Amino acid sequence: MIDRAIPYGKQSIDQKDIDAVVNVLKSDFLTQGPAVSDFEKAFAKYIGAKFAIAVSNGTAALHLSALALGVSEGDKVITTPITFAASANCIRYAGGEVVFADIDPESYLIDLNEVKKLLSESPKGTFKGIIPVDFAGRAVNMESLREIADQYGCWIIEDACHAPGGWFTDSKGIKQFCGNGNFADLAIFSFHPVKHIASGEGGMITTNDEELYNKLLVLRTHGITKDANLLEENHGGWYYEMQQLGYNYRLSDIQAALGASQLRKADEGLQRRRKIAKRYNQAFKEVSQIKGQSGYVEGHAYHLFIIEVEDRLGLYNFLRKNGVFAQVHYIPVHLMPYYKQLGWKKGDMRFAENYYSQCLSLPMYPSLSDEEQEFVINCIFDFFA
Ligand SMILES: *Cc1c(COP(=O)(O)O)cnc(C)c1O
C-alpha cells in the first residue's frame with residue numbers, strides 16, 4: 001500500500017510560488033497592478049503568440065472569445081462532445097447554437113472529416129465558427145483545420161486548456177505550438193489547479209490579431225475605455241466611457257504572480273508528464289484488456305493519460321479501494337441534460353459515446369513519484385489478474 005491517496009491530477013506549489021504571492025500581498029496592488037501584464041508577456045512568449053490577455057478563468061476566456069468574434073442569437077458553432085462543458089457553453093452564453101462533431105476514436109480529438117462533412121452539407125455561411133479542443137494535451141492539427149475553416153468563412157477558437165507546451169508538426173515540418181495564433185483566431189487556457197499551470201482560478205486568451213486583442217481588453221473590464229482616441233467626449237483626466245456591455249473578468253495580481261511563478265517551471269513539469277506517459281505506454285502496450293490508450297505521441301502535453309477498458313466501473317472501483325483516484329474525462333457534453341433538452345440524444349455521437357463507455361484517466365502530474373506510478377500500474381495488473 002501507498003500511504004496517501006493518489007489523485008488523477010494535482011498542482012505543485014513550492015517556496016518560490018509562495019514568495020511570489022506574498023510579495024504581491026505586501027505591494028501596492030492586489031489587482032490591476034503590474035503582475036498581470038508581467039504574466040501576460042511571459043505567457044505570450046512561452047506560447048509563441050503576439051498577445052495574451054489574462055482573465056478570471058478559462059470559462060471567462062471562452063465567453064469573451066465568443067463575444068469578441070461576434071457570436072450572436074442563432075449563430076451555429078461546431079465543437080467536440082469530448083470536452084469540458086464550458087467549450088460548448090460559451091456559445092450558448094452568446095445566444096448561439098452548438099453543433100457537435102464526433103471524435104476520431106484513435107486520437108480522441110474532433111474528427112476533421114466530420115467537421116468537413118457538417119460544413120459541406122449545409123449552405124455556406126450556416127456555421128460561423130469551430131471550437132477544437134487539444135484534448136488531454138494532444139494538439140489538433142490546426143493547419144488542416146484552418147484550411148477547412150477558410151473554405152467556409154469560419155473563425156476558430158482553440159481550446160488549449162489541456163495543452164500549454166503541446167505542439168503538432170505542420171506540412172513544412174515546423175513545430176506549431178498550441179495557442180501560438182498562427183492558425184486559430186483565438187486560443188484559450190485555464191489555470192485551474194488540475195491544469196499545467198495553477199493560479200487558483202485563472203485563464204488566458206492568446207492571439208496574433210491586434211484588433212481582437214483590443215476588443216478583448218475592453219470586454220474584460222465592463223466595456224470601459226479610457227483611450228483618448230476612442231472616447232466620444234473628454235471631460236478631463238478622470239473621464240472614461242462604457243461603450244459596450246462588458247464584464248469584470250479580470251485576473252488579480254495575487255493570482256497572476258502565482259501563475260507567472262508556475263510558468264517558470266512549466267517546461268520542467270511538461271518533461272516529467274512526458275516521462276510518466278512513456279512509462280504508462282510501455283507498461284500497457286501488450287495488455288490485451290487495454291483496448292486503447294493515450295500512448296506516447298510526440299508533442300503531446302499530457303494533461304491526461306487515458307486508457308480504455310471494458311470493465312471501466314470495476315477498475316475505477318478497484319483503484320479507489322486502493323487509494324488511487326482515477327477519473328473519467330469526459331461524460332459526452334451532448335448527453336448532459338441541458339443539451340438533451342436542446343434535442344441531442346444517445347446515439348448521435350457513436351465514437352464519443354463508445355469512448356465514454358470505457359475511458360479512464362490515470363494519475364498524471366509532475367510530482368507523481370516513480371514509486372507511486374509503479375503502484376498504480378501494479379494495481380491495474382492485479383485487477384486484470
Ligand atoms: C478546465 C477547462 C475549461 C474551463 O476552465 P476553467 O478555468 O475551469 O473555467 C474549459 N475547457 C477545457 C477543455 C478545460 O479543461
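One-based numbering, in listed order, for ligands and for the atoms of each. Keep in mind the model is a prediction, meaning the values are calculated, not measured.
For Asn57, heavy-atom contacts with ligand 1 shorter than 4.0 Å involve the backbone as well as the side chain. Of all the heavy atoms of Thr59, the ones lying under 4.0 Å from any atom of ligand 1 are found in both the backbone and the side chain.
Proximity to Gly58 (heavy-atom distance under 4.0 Å) selects the following atoms of ligand 1: 5 (O), 6 (P), 7 (O), 9 (O). Those atoms of ligand 1 that come under 4.0 Å of a heavy atom in Thr83, given as number and element, are 13 (C). Heavy-atom contacts of Tyr330 reach the following atoms of ligand 1: 15 (O) (cutoff under 4.0 Å).
Taking the centre and axis of the six-membered ring of Phe305, the NZ or CZ atom of Arg273 falls outside the cone set by 45° and 6.0 Å.
You'll find the side chain of Thr225 reaches within 4.5 Å of the side chain of Leu231, heavy atoms only.
Taking the charged nitrogens against the carboxylate oxygens, Asp19 and Lys16 have no contact shorter than 4.0 Å, which rules out a salt bridge.
Using a non-hydrogen distance threshold of 4.0 Å, Phe189 does not register as a contact of ligand 1. Within the structure, ligand 1 lacks Gly203 among the residues with a heavy atom less than 4.0 angstrom away. Note on ligand 1: Lys195 sits in its first shell, one or more heavy atoms being nearer than 4.0 Å.
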Before giving the answer on salt bridge (charged side-chain N to carboxylate O under 4.0 Å, His left out), spell out for Asp111 and Lys116 the whole-Å C-alpha distance, their side-chain angles and the decisive distance to 0.1 Å.
-> CA-CA 9 Å; Asp111 184 340; Lys116 220 187 286 184; over 6 Å; no
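Distance from atom 11 (N) of ligand 1 to its nearest protein heavy atom, with residue and atom name: Asp159 OD2, 2.8 Å. For atom 8 (O) of ligand 1, the nearest non-hydrogen atom of the protein is Ser190 OG, 4.0 Å.
Any N or O atom pair closer than 3.5 Å counts here, and Glu201 shares no such pair with ligand 1. Looking at His162 next to ligand 1, an N or O pair under 3.5 Å apart turns up. At under 3.5 Å, not a single nitrogen or oxygen of Ile188, backbone or side chain, sits near a nitrogen or oxygen of ligand 1.
Under the 4.5 Å side-chain heavy-atom criterion for ILVMFWY residues, no single connected hydrophobic cluster contains both Leu30 and Val36. Hydrophobic cluster membership is shared by Tyr316 and Met364, with clusters built from Ile, Leu, Val, Met, Phe, Trp and Tyr side chains linked at under 4.5 angstrom.
Distances from atom 3 (C) of ligand 1 to the heavy atoms of Gly200, Ser87, Cys161 show the closest one on Cys161.
Aromatic ring centres of Phe191 and Phe43: separated by under 6.0 Å.
Surrounding OH of Tyr240 are at most 12 heavy atoms belonging to other residues, nucleotides or ligands under 6.0 Å away. Heavy-atom neighbours of Gln151 CD from other residues, nucleotides or ligands within 6.0 Å: above the threshold of 12.
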